[in-house]
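Numbers here simply count residues along the sequence, with the first being 1. Fair warning: this is a prediction, and the values are worked out from it, not measured in the lab.
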Amino acid sequence: MFHFKRRVLLTYVKMRALIVLLVLVYCAVVKGEESVSNLQNAPNSQTGFAFEMLMAKLNSLEHHFVEKQLKNEEQMTVLSARIDHLVKTVENLSWIVQNTAETVNHLGLNRKHMQHNVTVIQRDLVQLLAGQKLLVTAHQFGEYLRQKGCNTSHISFLSDKHYTTYRSCNKVPFSQSGVYSIRPEKPFKQPFTVLCDQEYESGGWVVIQHRFDGSINFYREWAEYKDGFGNLDGEFWLGLERIHQLTASTPHELVILLEDFDGNRTVAKYDRFQIGSELHNYALTRIDGYTGTAGDSLSDLKGRPFTTQDKDNDTAGENCAVTYAGAWWYAACHASNLNGKYLRGETKEFATSMVWKSFRGYHYSLKSSKMMIRPKM
């Protein structure tokens with residue numbers, strides 16, 4: 001592209017010089033004709049002298065034009081070399097930036113230790129606006145920045161007191177999935193943030209569990225399963241206490257989206273889902289009305305309390321959470337273990353991984369699991 005522009009510029013300079021030369025020649029010829037007309041009655045020596053003067057002037061102009069053309073070409077060559085050097089410098093800087101980013105990733109540095117990438121913000125906001133066809137609100141922008149790990153406490157119009165809080169995800173007036181602040185009428189005293197899925201079946205879903213890459217260890221103790229762990233923009237468990245309060249405040253449905261490493265996706269949906277309080281060990285009190293393609297590997301655990309490695313509430317002679325490396329509503333022991341090990345596909349281990357028996361059996365660890373609840377209309 002640069003060489004093309006250079007050729008065009010050189011052509012333009014040459015054409016301009018040629019036009020100037022032609023004008024000069026034309027003027028000279030006209031004057032010559034006038035001189036010839038005036039000198040028709042003059043002696044021949046004077047006519048010859050005038051003609052020689054005209055030719056000398058034309059030769060001088062031609063020499064001057066050639067000299068200027070050579071200088072212009074020399075300047076263009078120097079300019080071209082400088083631009084080529086600048087392009088190479090930019091390319092080197094780009095390479096350095098790319099390698100720096102890779103080095104940062106290898107060192108394991110995350111967003112908490114780096115400023116947010118402005119290009120990524122701009123790209124995501126453009127996508128958001130295109131999908132929404134609305135101007136972004138301060139709340140939505142603030143939630144976006146918080147989800148990306150940015151500290152917005154110093155930005156007055158994005159501080160917590162300015163956030164819009166919704167009763168639930170199905171009251172969020174945006175079709176963009178993301179982190180929002182919700183506060184159901186009761187028994188909640190303070191709002192809290194959740195990941196809202198606004199795409200599956202018209203949206204309105206609160207994501208209570210999400211696994212897709214094995215980056216978070218799910219073999220944890222009771223206190224962590226009660227309060228929740230992980231990151232809402234990555235893998236996480238929302239927390240038994242919040243799941244209890246949500247499902248106790250109003251009837252909820254449950255959907256579980258599963259995928260294996262062959263790209264097969266399936267779904268298990270339950271018309272009613274509810275868990276008890278901590279006093280009842282967050283027992284699976286309601287799990288009714290199964291539909292879907294994954295098969296029902298959860299209804300048989302109805303009434304069972306939750307078990308973790310340090311709190312054995314199952315009916316087996318052993319702690320199922322310890323034996324099967326997870327935390328779940330075990331009986332003796334399970335047909336599903338979505339908080340088990342992340343082993344990536346076929347495995348020789350029996351039932352210890354992210355298992356949904358009726359989908360891929362006990363010797364297959366699923367690629368992704370997404371558990372979501374939504375208030376019944």
Side-chain angles (χ1 to χ4, degrees), residues 121 123-148 158 162-186 188 191-213 228 230-239 242-259 265-275 286-294 298 338 366-377:
I121 295 177
R123 181 200 65 194
D124 289 352
L125 285 178
V126 169
Q127 292 176 349
L128 176 64
L129 291 175
Q132 295 292 107
K133 298 186 184 301
L134 295 170
L135 290 176
V136 66
T137 65
H139 161 70
Q140 199 171 14
F141 183 60
E143 291 290 2
Y144 167 80
L145 292 180
R146 290 179 65 192
Q147 182 184 356
K148 294 296 183 180
L158 294 179
H162 291 286
Y163 286 164
T164 302
T165 300
Y166 306 97
R167 286 184 57 187
S168 63
C169 286
N170 64 352
K171 300 300 181 182
V172 173
F174 307 114
S175 60
Q176 180 75 19
S177 297
V179 178
Y180 295 91
S181 178
I182 68 169
R183 183 176 63 183
E185 287 186 352
K186 58 181 182 180
F188 300 95
F192 59 96
T193 55
V194 295
L195 175 60
C196 294
D197 187 302
Q198 303 295 79
E199 300 167 10
Y200 183 78
E201 286 192 351
S202 302
W205 299 92
V206 174
V207 183
I208 63 173
Q209 185 250 35
H210 197 195
R211 303 186 71 184
F212 53 88
D213 61 7
N231 301 303
L232 292 178
D233 59 345
E235 293 194 330
F236 70 92
W237 174 262
L238 183 61
R242 285 179 176 170
I243 298 172
H244 158 64
Q245 292 179 344
L246 284 168
T247 57
S249 63
T250 188
H252 276 68
E253 57 185 329
L254 167 71
V255 66
I256 302 174
L257 306 179
L258 304 172
E259 182 180 2
R265 298 180 179 179
T266 190
V267 58
K269 189 175 181 181
Y270 297 88
D271 187 60
R272 286 294 302 273
F273 170 77
Q274 182 179 343
I275 67 172
R286 296 292 299 271
I287 185 73
D288 304 313
Y290 165 80
T291 57
T293 57
L298 191 58
L338 296 183
L366 299 175
K367 177 182 179 180
S368 67
S369 165
K370 193 174 188 181
M371 300 176 65
M372 306 188 294
I373 59 175
R374 181 172 64 179
K376 296 283 292 181
M377 299 298 183

Looking at residues at least two apart in the chain, or sitting in another chain, which of them share a side-chain hydrogen bond (donor to acceptor under 3.5 Å, both in side chains) with Ser168? Asn170
Check whether any side-chain heavy atom of Leu338 sits under 4.5 Å from a side-chain heavy atom of Arg211, and report yes or no. no
How far does CD1 of Ile275 sit from CD1 of Ile287, to the nearest 0.5 angstrom? 11.0 Å
With sequence neighbours left out, the residues meeting ring-ring contact (aromatic ring centres under 6.0 Å, His included) with Tyr270 are Tyr290
ring-ring contact (aromatic ring centres under 6.0 Å, His included) filter on His252, not counting sequence neighbours, yields none
Filter on salt bridge (Lys or Arg N to Asp or Glu O under 4.0 Å), then keep only pairs touching residues 164-182, sequence neighbours left out; what's left? Arg167-Glu185
Is it the case that the side chain of Asn231 and the backbone of Gly234 share a donor-acceptor pair, with hydrogens and angles ignored and the cut-off at 3.5 Å? no
Looking at His210 and Phe236, would you say the former's side chain and the latter's main chain have a donor-acceptor pair under 3.5 Å? no
Taking every non-hydrogen atom, the tightest pair across Leu195 and Leu232: CD2-O, 3.6 Å
Could you list the residues that satisfy salt bridge (charged side-chain N to carboxylate O under 4.0 Å, His left out) with Glu253, not counting sequence neighbours? Lys269, Arg374
Those residues at least two apart in sequence (or on a different chain) that pass side-chain contact (heavy atoms from CB on, under 4.5 Å) with Asp271 are Lys376
Holding to side-chain hydrogen bond (donor to acceptor under 3.5 Å, both in side chains), I want the full list of residues that pass it with Lys367, two or more places apart in sequence or in another chain. none
So how far is it from Phe273 CZ to Ile256 CD1, rounded to the nearest 0.5 Å? 8.0 Å
By side-chain hydrogen bond (donor to acceptor under 3.5 Å, both in side chains), Ser368 pairs with (sequence neighbours left out) none
Minimum-distance pair of heavy atoms, taken over all atoms of Tyr200 and Trp205: O-NE1, 2.9 Å
If you round to the nearest 0.5 Å, how far is CD1 of Ile208 from CD1 of Ile243? 4.0 Å
Ser177 and its side-chain contact (heavy atoms from CB on, under 4.5 Å) partner, picked from Val172, Val207, Asp197: Asp197
I'd like to check the side-chain contact (heavy atoms from CB on, under 4.5 Å) partners of Thr293; sequence neighbours left out, ordered by chain and number. Thr266, Val267
Go through the structure and list residues passing side-chain hydrogen bond (donor to acceptor under 3.5 Å, both in side chains) with Gln209, not counting sequence neighbours. Asn339, Ser369
Asp213/Glu235 under side-chain contact (heavy atoms from CB on, under 4.5 Å): CA gap, chis, key distance, verdict: CA-CA 8 Å; Asp213 61 7; Glu235 293 194 330; 3.1 Å; yes
